[in-house]
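Here's the structure, in structure tokens; my notes come after.
These numbers come from a predicted model, not from an experiment. All ligand and atom numbering here is 1-based and tracks the order in the structure.
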Amino acid sequence: MARVLILGGTSEARRIAERTADAGHEVTTSLAGRTSQPQKPAGRIRVGGFGGADGLAAHLRANAIDALIDATHPFAARIAANAVAAAQQACVPRLKLLRPAWHPTEGDRWHSVATIEAAAAALPAGCRVLLTIGRQELGPFLARADLSLVVRTIEAVPALPSAVRLVRARGPFTLHDECALLQSEGIEWLVTKNAGGGAAAAKLEAARRRGLPVVMIERPAPPPGPTASSVEKALAWLDQVIR
Ligand code: NAP
């Protein structure tokens with residue numbers, strides 16, 4: 001039996017936790033604590049930051065962790081960098097699970113940008129926009145009083161201006177759901193992060209079908225060291241390091 005720490009907050013993290021627990025290992029998933037009612041993974045759960053890379057390294061040592069799987073979201077760059085540094089400090093093998101990014105296909109009208117600020121700047125004045133970027137980084141869009149904003153988030157957003165429409169919902173969403181939302185809200189532009197994976201991809205197909213332009217915020221650079229592009233590959237890596 002091995003002790004495995006999974007940095008979670010994604011559906012892949014839950015799938016790895018389930019498979020690892022089923023295999024008889026002692027698995028703990030760490031959640032940042034951003035969501036008030038997170039979907040519960042198998043095994044143990046701990047919630048909240050570690051206090052930087054040093055705190056995470058101390059946690060790895062104190063809990064005699066044998067392997068660390070960073071299955072956080074591709075945009076969670078700080079915890080990914082901390083995981084690299086902490087694993088080095090504590091001499092624990094670490095893997096980053098990085099699901100493949102989305103790529104435009106025929107009919108897509110993507111405007112790829114590198115930052116949230118560039119995404120806000122890319123939108124034409126007066127347009128009706130659906131923001132599917134979470135609730136932490138709305139600032140640059142809220143600063144554009146000339147935009148008509150629809151924000152979709154899981155959690156409530158405190159102090160949102162009354163002119164901004166909030167749609168609270170948790171994915172995955174079907175193509176039918178997404179087409180209906182774009183139509184009922186009169187959406188003209190979609191803003192999304194290049195999260196990749198299947199669970200959030202229906203909005204891209206819906207935008208394509210409706211001929212809508214998409215501001216695609218591209219990913220930060222991946223952390224150094226080994227990566228796996230799927231749950232199966234991450235489990236194969238775990239199997240190898242545990243042996
Ligand atoms: P981040 O900017 O990379 O991390 C900020 C800080 O939050 C980290 O330094 C760490 O605090 C803490 N943290 C992040 N993930 C953690 C985890 N799994 N367990 C314990 N502490 C964690 O992270 P973020 O982009 O805010 O994302 C936070 C969480 O939301 C992640 O778990 C991620 O998987 C999930 N998520 C993020 C996005 C996104 O777009 N960024 C989308 C969907 C889900 P300390 O330094 O104190 O350890």
Side-chain angles (χ1 to χ4, degrees), residues 4-17 27-41 43-63 65 67-90 92 94-99 101-102 113-117 119 131-141 151-155 157 168-173 190-201 203 215-224 227-228 231 234:
V4 181
L5 179 64
I6 300 170
L7 302 174
T10 59
S11 58
E12 288 94 338
R14 287 191 297 279
R15 281 160 53 210
I16 292 173
V27 55
T28 301
T29 299
S30 174
L31 300 173
R34 307 271 194 273
T35 311
S36 57
Q37 291 180 313
Q39 292 170 279
K40 294 272 164 40
R44 298 180 185 174
I45 301 172
R46 68 160 299 285
V47 180
F50 297 93
D54 291 348
L56 178 52
H59 180 96
L60 295 174
R61 286 195 205 95
N63 292 279
I65 298 296
L68 173 63
I69 298 184
D70 172 5
T72 57
H73 192 270
F75 280 76
R78 201 173 328 154
I79 188 70
N82 289 352
V84 172
Q88 268 168 7
Q89 270 187 52
V92 171
R94 176 214 57 99
L95 176 83
K96 173 71 190 174
L97 173 59
L98 210 49
R99 59 173 94 120
W102 293 319
V113 296
T115 63
I116 291 278
E117 290 73 18
L131 297 179
T132 60
I133 57 165
R135 65 190 168 122
Q136 313 277 354
E137 298 167 295
L138 296 174
F141 300 94
V151 174
R152 181 168 71 190
T153 62
I154 297 174
E155 297 289 316
V157 185
R168 283 187 64 185
R170 191 199 291 260
F173 304 102
L190 170 67
V191 178
T192 180
K193 294 175 176 176
N194 196 334
K203 62 190 168 194
V215 177
M216 182 62 69
I217 304 165
E218 298 299 348
R219 297 172 169 197
T227 60
V231 167

Problem - atom 27 (O) of ligand 1 [closest protein heavy-atom partner, distance rounded to 0.1 Å] - result: A76 CB, 3.9 Å
Practice task
Report yes or no: does R14 contribute a side-chain atom to a donor-acceptor pair with the main-chain N or O of K40 at less than 3.5 Å?
Solution key: no
Exercise for the section: Heavy-atom distances under 4.0 Å are what count here, so tell me which part of R34 touches ligand 1: side chain, backbone, both or neither. Expected result: side chain
Problem - Options R78, E12, R219, R46, ranked by nearest heavy atom to atom 2 (O) of ligand 1, top entry - result: R78
Problem - Close N or O approach (K193, ligand 1; < 3.5 Å) - result: yes
Exercise for the section: Work out whether the distance between some heavy atom of G48 and some atom of ligand 1 is less than 4.0 Å. Expected result: yes
Problem - ligand 1 contacted by L56 (non-hydrogen, < 4.0 Å) - result: no
Problem - Test side-chain hydrogen bond (donor to acceptor under 3.5 Å, both in side chains) applied to S30 and R46, step by step - result: CA-CA 5 Å; S30 174; R46 68 160 299 285; 2.7 Å; yes
Handout entry: Ring-face cation contact, F173 with R170, 6.0 Å cut, 45° max
Key = no
Exercise for the section: Pull out every atom of ligand 1 sitting under 4.0 Å from any heavy atom of T72, numbered as shown with elements. Expected result: 18 (N), 32 (O), 34 (O)
Handout entry: Identity and distance of the protein heavy atom lying nearest atom 44 (C) of ligand 1
Key = G9 O, 3.6 Å
Exercise for the section: May I ask you to decide if T72's main-chain N or O and D70's side chain share a donor-acceptor pair within less than 3.5 Å? Expected result: yes
Exercise for the section: Identify the heavy atoms of A195 and R99 that sit nearest to each other, and give their distance. Expected result: O-NH1, 3.2 Å
Handout entry: S30 neighbourhood, listing ligand 1 atoms whose heavy-atom distance to it stays under 4.0 Å
Key = 17 (C), 18 (N), 19 (N), 20 (C)
Fill in the blank from the handout: side chain to side chain contact (heavy atoms under 4.5 Å, CB included) test vs P38 passes for just one of I45, I154, L31, namely L31
Fill in the blank from the handout: Among non-hydrogen protein atoms, atom 36 (N) of ligand 1 lies closest to H73 CB, 3.6 Å
Problem - CD1-NZ distance between I217 and K193, expressed to the nearest 0.5 angstrom - result: 7.0 Å
Completion exercise
In this structure, atom 46 (O) of ligand 1 is nearest to the protein heavy atom G52 N, 3.0 Å
Exercise for the section: Indicate yes or no for a side-chain donor-acceptor contact from T227 to the backbone of L97 under 3.5 Å, with no hydrogens or angles considered. Expected result: no
Exercise for the section: State the atoms of ligand 1, each with its element, that fall below the 4.0 Å cut-off from a heavy-atom position in G49. Expected result: 11 (O), 21 (N), 45 (P), 47 (O), 48 (O)
Fill in the blank from the handout: Quick note on ligand 1: atoms under 4.0 Å from a heavy atom of A77 include exactly 3 (O)
Handout entry: atom 17 (C) of ligand 1: the protein heavy-atom neighbour that sits closest, reported with distance to 0.1 Å
Key = A32 N, 3.5 Å
Exercise for the section: Output yes when a side-chain donor or acceptor of T192 lies under 3.5 Å from a complementary backbone atom of L131, and no otherwise. Expected result: no
Completion exercise
closest protein heavy atom to atom 48 (O) of ligand 1 is F50 N, 2.7 Å
Problem - Check: T10 N/O within less than 3.5 Å of ligand 1 N/O - result: no
Problem - N82, portion touching ligand 1 at heavy-atom distance under 4.0 Å - result: side chain
Practice task
May I ask you to decide if G197's main-chain N or O and W102's side chain share a donor-acceptor pair within less than 3.5 Å?
Solution key: yes
Exercise for the section: Give the residue and atom name of whichever protein heavy atom lies nearest to atom 10 (C) of ligand 1, and the separation in Å to one decimal. Expected result: I79 CD1, 3.9 Å
Problem - Residue and atom name of the nearest protein heavy atom (relative to atom 31 (C) of ligand 1), distance in Å to one decimal - result: G8 O, 3.9 Å
Exercise for the section: Flag G51 as yes when one of its N or O atoms lies below 3.5 Å from any N or O atom of ligand 1, and as no otherwise. Expected result: yes
Problem - Ion pair E155/R34, N-O distance below 4.0 Å - result: no
Handout entry: Qualifying residue, where the test is side chain to side chain contact (heavy atoms under 4.5 Å, CB included) with L5 and the options are V92, L56, V27, I69
Key = L56
